[in-house]
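For reference, the structure is listed below as structure tokens.
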Amino acid sequence: MTVYRNKKQDNFTVLDNSVMQNDDLSWKAKGILVYLLSLPTDWDVHLKEIKEHATEGITSLRSGIKELRKAGYIKYFK
């Protein structure tokens, strides 16, 4: 299979390949992480807001976030 890549100048997210090649993460968790990384750095994460832009339910989002927290990709602060 051939993968075609476009050269991007703006409106893109740079991601360390180790995230996507981490076999310990589900595709769901990887997708959530990539979405979160695409947001502005000063954006506060709210599950209800993420749900507005997702096809997954809130329970699925919670389990993906939990997986990312367990793997150390997300830290939770109140």
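Counting from 1, the numbers follow the sequence of the chain as shown. In this text, all values refer to a predicted model and were calculated from it rather than measured experimentally.
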(request) Evaluate the criterion side chain to side chain contact (heavy atoms under 4.5 Å, CB included) for residue pair L36 and I74; output intermediate values, then yes/no. (result) CA-CA 10 Å; L36 293 175; I74 291 179; 3.8 Å; yes
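Residues meeting the side chain to side chain donor-acceptor pair (under 3.5 Å) test with S63, sequence neighbours left out: K28.
In this structure, M20 and L15 approach most closely via the heavy-atom pair CG-CD2, 3.6 Å. Here the closest non-hydrogen pair linking G64 and A29 is O-CB, 4.0 Å.
Using a 4.5 Å cut-off between side-chain heavy atoms of Ile, Leu, Val, Met, Phe, Trp and Tyr, with links allowed through other members, Y76 and L47 fall into different hydrophobic clusters.
If you take NZ on K30 and CG on D24, they are separated by 9.0 Å, rounding to the nearest 0.5 Å. For the atom pair CD1 of I32 and CD of E56, the computed distance is 6.5 Å after rounding to the nearest 0.5 Å. N17 CG to N22 CG: the interatomic distance, rounded to the nearest 0.5 Å, is 12.0 Å. Going from atom CD of Q21 over to atom CG of D23 covers 8.5 Å, rounded to the nearest 0.5 Å.
The side-chain hydrogen bond (donor to acceptor under 3.5 Å, both in side chains) pairs that include a residue from residues 32-45 number zero, where partners must be two or more places apart or lie in different chains.
Inter-residue side-chain proximity for T13 and V34 is flagged as unmet; no heavy-atom pair is nearer than 4.5 Å.
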